Every structure is written in structure tokens, then in C-alpha cells.
> 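Structure in C-alpha cells, see below.
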Amino acid sequence: MPPRLIALDGPLKGAVFPLDEDEITIGRDQSNRLVIGEDSVSPHHCRIRREGDDFRLIDLEGPCGTFVNNVPVREHLMEQADQVEIGNSQFLFLRRDDDPKSAGVLEPPAAQPAARILPKESPLGARELSALMRISMGIHSIQALYSSSNLPVQEALERQLLELITEVVPAERGAIFLLDEGRSAAIPAVEIPRDLLDRVVRGASPVLGSETRAAARCWFLAVPLVTSGKVFGVIYLDTRNPAAPLDDSHLLLMTAIAGIGAMALENARYVEWLEVENRRLRTEGSFQHNLIGESSALRKVCEVIARVAPTGSTVLICGESGTGKELAARAIHLNSPRAAKPFVAINCAALAPTLLESELFGHEKGSFTGAIAQKRGKLESAEGGTLFLDEVTELPPPLQVKLLRVLQEREFERVGGGRSIKVDLRVLASTNRDAEEAVRSGVLRADLYHRLNVVMLEMPPLRDRRQDIPLLASYFAAQCGKRMKRIIRGVSPEARSCLLHYDWPGNVRELENAIERAVVLGSSDFILPEDLPEAVWENSPAAAAPAAGRYHQELAGAKKKLLLEALDQAGGSYTEAAKLLGLHPNYLHRLVRNLKLKAASKGA
């Protein structure tokens, strides 16, 4: 069968859709090749395009988004057993002819009924039963075949089966033909007559006969290989030796052998498929991360993480607040040899210096007021694993000196203690400041900076990876909807336009908060522009459009007028204008930028 989608959930549950065209469109509209009649699906939701032997899923950027394995995607090269979520429907992608239940299940197919193989009216003799026993014992050592042969397990089994058959049946030539793979194993090279192959497959029954070929009499037989009631292959034998022609006893024996061989070959196919799947999963699973997006900026970050993670080097992660520095640090840890050990994070800006020292290094009993017992610090908790120092530039200078010793010697002393404690850990650090500027201003020690900056990883701000905004918004909407038990079908095109035109000074964290706010306050199944924070709405072209409504137009106009009057009254000084308006100067700058009043404010 061709690759196909199997509906696991939704209105089409149980249906199978073969991917037998160059392109298949999916959506609610009746013009699609695959029509899903539910409101959560866009009229033209996505399409699947054939690329040689591969299939690529392409989201058409509707409000609901398309998910593969619970992650929103714009484009995705389909892999075996991928789960595709479209609206409320779930589909399983199968590239090869496997039972859908087998995806992720490591069980061989069930045995075929013996009555199908051994007709009661023609019992096997002692010699045939002995031969059958030899073949049964020989072909069921799949693991031994796999470990001792350089061939794939299925091909090795086919060859061994043919060799065993030619030992017990007086055939000069033999072949095993597998229908879905269109290939055969043969001893020696032989082609199965096409009409005979079709006859065996159509009737699912063995054939014995003889005919004249190239002026010589040829005796032949062909038996089907059957599992789950379906023919998947044929065993063919022939001979031109009149002293040992093929007869009914050979046909009966081969029918029994085919029953056993079908089971062994199907098991081998599963073993081979599982090996391929394991290799794919190891390749994909070798780099784990929770960073969502497909932009070139994010791909570069992932490439750096993949290279630096296995090395054990210290990494300094820089970037604006909310860009995902801790997610990057966790990705480095997860893809390192220390992944099974603890990942311990501490925010250096969140605690007072005395508390921070105790949290980081631990303390001895009685070392200060309130130290009623010995305490292990974050350094000891991270033994064997990774310590992540968030906002490391906020460390007080005395703690910077102590941290420098940890990086150099991998040892420290608890607060109030005199014994050096050795520690085996990897240190990752982050900062939202310009690290070099922090060194020049004396905030960060130069020697500590050079110790931390073995590898620098720069996290891009969200405004530099705008193409990831719809994917992130869809992901956050889906997660918030599940958490708050609300049905959220996606982000409306108008709201998506608002998200794309906003600068996101708070980056991904601000986007997540904006989507959560929209889910909490919104009353529709879709996130609408009015559900978003005011700052996001103001900056979008939709706010100025007639469809935005009089309220939003009048509100934006009044804000612009008020800001320009204040700037004019303050003589163009943002600081003075902010005082007149009772705003922080930074917020005033943000309003001017969002309302696109830069040129007008300079004129004022």
C-alpha cells in the first residue's frame, strides 16, 4: 500500500487516506482532497506534498495552526509514525505497510491458524515432518542471523530460508518475491512468471504445475506468504530434472514451510523496521530542546547548542530578558553526558548578597544568626550535573571572587566552614546585559568574564525572528487552553497581524503572557485583537483600519494628540513630557514608538 494517513480521532476516526497523489490539500472546504467537517479546521488548512519518496506537510497559516507530535509547525518533513493534529482531528502517518497499532509497539504479528497450512486430508510423512522441524529451527534464530551477518536481518533470513528449502525439496532454482518491496531473493537468479505470480496472489492459494520452457520440461510450484489474511509474498521453486519432479508431497511440504516462513519473515520485517526507527529516534532524540520556531536565527542557536553540549565547556548565554536563555541552558544540559544528573538553576539577581552566598555555597551550623543546621548549597546539589547562574552580572564582587575559584579549582568552602569541598559540575551562566560593557564599568570582574566566556551563545530577540511568532502564539494558545480547560481553536488572522507588527520588548515571555491574557479574558474560540494587551493592539495596522471600529480609532487618535501636546509643551524633552503626563520616560518612548510618532515628536 502507498504511504497513508490514518484518522485516530475526530469525525473521520478509523478512516484511511492513501497519499497517492503529488499533492493533497486538507481543510473544511469541499474543494479539498481530504475534507474535515469541523469548525476548528480552516477552509484550506494545510497540504501534503510529495517530494520524491518523501512527503512534506505545509501549514497554510490559518488561525488554528497545524501540530506534529504536539509541536506547531509551518513545514515538516514527515517521518514514520508522526502524529498530525488538525483542529480536533488526529492522524497517524505511515510510510510503509504496517499495522497502525504497531507504531511504537514492539510486538510481532499473531500466528496464522494451522488449518490454513496443513490440510487434514493430506497428512505429512515422517521425512517431511523432520524437514519441517529443521527449517522451523533454522529460520527462527533472527537475533543470531542479525548479529552474525552483514546483511539486513530480513534479507539474511530470506537467503537462509531458500537454502534450507533447496536442501529438503528437489528444486534447482528458487525465489522469494515480496509484493510491497517489488524485489526477490533467488538461488540462483530466477524470475517468477508474471501470470503465475498474479494467480497465486489473487487466489491466495498454492499452485503446482509443469510446462515446456525452452524445449525442456519444467516442473514448478508457487505458494503464498500470508499474514493477517493478506498475501505479502510468494515462494517459487522449479526444476528441469525429470528424475526428481515436483509433486503433491512437495507442494504440501512447501505450504507448511510457507506458513512458518511467513511468520519469520514478518517478524524480520518488524525487527528491521524497528532498527530503522531506533536509528531515526536516536538521531532526532540526540538533540532535545524546548525551543519552538523555524527561523534561521533559531536554527543557528540550535546548531551551536548541538556542538557545545557534548564538550563540557563553560557557556555564557547572552540576550535580552525573555529570550529563552534558561531554555537554552537546559537544552545544553539535556544533550550533554551529564543529562541524567541534576540541572540546578539560581537567579543571582533575586536574593540579597548574604542569602545568595548561603544558597550558592551552603553554610555550616552556627555560621550566622539563624543557621541552626548545616545546609548544602546549589553547588553541592549540582554534583555531577550542571549549575546554571542566571543573571551572573548581578553577583556581588566578593561572590564573584569565590565563584572564580570554583571555576578554576572545582572546589569551595561552605559559609562558616574551613574544609574545601571538591565538586564535579559544569557551569553555565547568562546575562541580559552587554557583558563587555559590564566589565568596562566594573560590574563584572574581567577574570571571571574570561572564565565564563569560553563559548558565548547569543539568544536572538523575538523581533529578529518574527516568522516564529505565529508558531509560538499557536503553541501558547493550545497550552493555556488545556491548562484553563477552554477550547481555543487558534489565533485569528487580525490578531496574528497585531502580534507580527509589535516589537516585543519582553520577547517570548511577553508573548506568552499576552496569549495567556487573551485566553483568560477572551470570550471567543479564537484569539481576537481586542483580547490582546492594548500596547500590542495599538501598534498594528488593524488599529487604524475602518474595521477596527470607532472606539479604537478615537482612542489611538486621542493618545497621539495628548503625547504630541506634552512633547510640544516640554520643548521636545522626553523626560519633561513624561513628568507632565505622570509616566516613566521609558514607557513614553515605547508609546511614541508604538504609535509611530517619531517623526512628529522630532518636529515638536
Side-chain angles (χ1 to χ4, degrees), residues 1-4 6 16 18 20 94 96-102 107-124 128-129 131-132 135-136 139-140 154-155 157-158 161-162 164-166 168-169 171 173-187 190-211 218-239 246-270 272-273:
M1 291 181 67
R4 59 205 182 279
I6 299 174
V16 179
D20 50 5
L94 289 183
R96 49 170 285 163
D97 190 17
D98 287 312
D99 184 341
K101 294 180 182 178
S102 70
E107 294 183 359
Q112 302 302 309
R116 180 181 184 84
I117 300 171
L118 301 176
K120 294 180 181 179
E121 64 272 20
S122 302
L124 294 172
E128 287 82 4
L129 288 174
L132 195 59
I135 288 179
S136 178
I139 65 177
H140 279 88
Q154 182 180 334
E155 189 175 342
L157 182 60
E158 290 168 14
L161 179 57
L162 281 174
L164 290 168
I165 288 172
T166 54
V168 298
V169 177
R173 301 188 303 173
I176 297 176
F177 184 82
L178 301 179
L179 301 178
D180 59 343
E181 298 182 17
R183 66 172 181 83
S184 60
I187 300 177
V190 60
E191 283 192 18
I192 306 176
R194 188 69 201 181
D195 57 341
L196 177 61
L197 184 65
D198 292 341
R199 182 179 169 189
V200 174
V201 172
R202 281 199 307 270
S205 58
V207 174
L208 172 69
S210 65
E211 63 184 12
C218 179
W219 289 265
F220 61 86
L221 66 80
V223 292
L225 293 165
V226 182
T227 59
S228 303
K230 186 173 67 174
V231 178
F232 73 89
V234 173
I235 301 178
Y236 171 83
L237 301 174
D238 70 20
T239 181
L246 300 176
D247 56 26
D248 288 339
S249 64
H250 300 130
L251 181 63
L252 181 62
L253 177 60
M254 281 306 304
T255 304
I257 291 172
I260 298 172
M263 288 300 307
L265 285 170
E266 191 68 2
N267 287 345
R269 287 151 68 96
Y270 270 77
E272 197 165 292
W273 176 71

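Since the structure is predicted, the reported quantities are computational estimates derived from the model, not experimental observations. Residue numbers start at 1 and run along the sequence shown. Hydrogens, waters and symmetry mates are skipped; everything else that's a heavy atom, side chains included, is used.
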> Does Asp247 have any salt bridge (charged side-chain N to carboxylate O under 4.0 Å, His left out) partners at least two apart in sequence or in another chain, and if so, which?
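Partners of Asp247 by the salt bridge (charged side-chain N to carboxylate O under 4.0 Å, His left out) criterion come out as none, since no residue qualifies.
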> Please tell me if the side chains of Ile257 and Val223 come closer than 4.5 Å, counting only heavy atoms from C-beta onward.
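A side-chain contact under 4.5 Å is absent here.
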> Measure the shortest side-chain to side-chain distance between Leu225 and Ile176 over non-hydrogen atoms and say whether it is less than 4.5 angstrom.
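Counting from C-beta outward, Leu225 and Ile176 do come under 4.5 Å.
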> Nearest heavy-atom pair of Ser210 and Trp219: which atoms, and what distance?
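Scanning both residues, the minimum pair turns out to be CB-CD1, 3.6 Å.
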> Do the side chains of Met254 and Leu246 get nearer than 4.5 Å, heavy atoms only?
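They are not in contact (no side-chain heavy atoms under 4.5 Å apart), so the answer is no.
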> Specify the closest pair of heavy atoms between Pro206 and Leu251, including all atoms of both residues, with the distance to one decimal.
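For Pro206 versus Leu251, the nearest heavy atoms are CB-CD1, 3.6 Å.
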> Once side chain to side chain contact (heavy atoms under 4.5 Å, CB included) is applied, do any residues pair with Arg202, and if so which ones, sequence neighbours excluded?
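For Arg202 the side chain to side chain contact (heavy atoms under 4.5 Å, CB included) partners, ignoring immediate neighbours, are Asp198.
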> How many angstroms lie between atom CG of Leu221 and atom CG of Leu252, to the nearest 0.5 angstrom?
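Here the interatomic distance stands at 11.5 Å.
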> Looking only at non-hydrogen atoms, find the nearest pair between Phe220 and Leu208 and report the distance.
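For Phe220 and Leu208, the tightest heavy-atom pair comes out as O-CD1, 3.5 Å.
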> Could you check Leu237 against His250 for side chain to side chain contact (heavy atoms under 4.5 Å, CB included), going step by step and ending with a plain yes or no?
CA-CA 10 Å; Leu237 301 174; His250 300 130; over 6 Å; no
> Where do Pro224 and Ala258 come nearest, in terms of heavy atoms and distance?
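Nearest pair, atom of Pro224 first, then Ala258: O-CB, 3.6 Å.
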> Are Tyr236 and Val200 side-chain neighbours, meaning at least one heavy-atom pair lies under 4.5 Å?
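They are not in contact (no side-chain heavy atoms under 4.5 Å apart), so the answer is no.
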> Taking side chain as C-beta onward, heavy atoms only, is Ile165 less than 4.5 Å from Leu161?
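Touching, per the 4.5 Å side-chain cut-off.
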> Identify the heavy atoms of Ala171 and Thr166 that sit nearest to each other, and give their distance.
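Of all heavy-atom pairs spanning Ala171 and Thr166, the closest is O-CG2, 4.4 Å.
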> Which heavy atom of Thr227 sits nearest a heavy atom of Ala262, and at what distance?
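Closest pair (atom of Thr227, atom of Ala262, distance): CG2-O, 3.9 Å.
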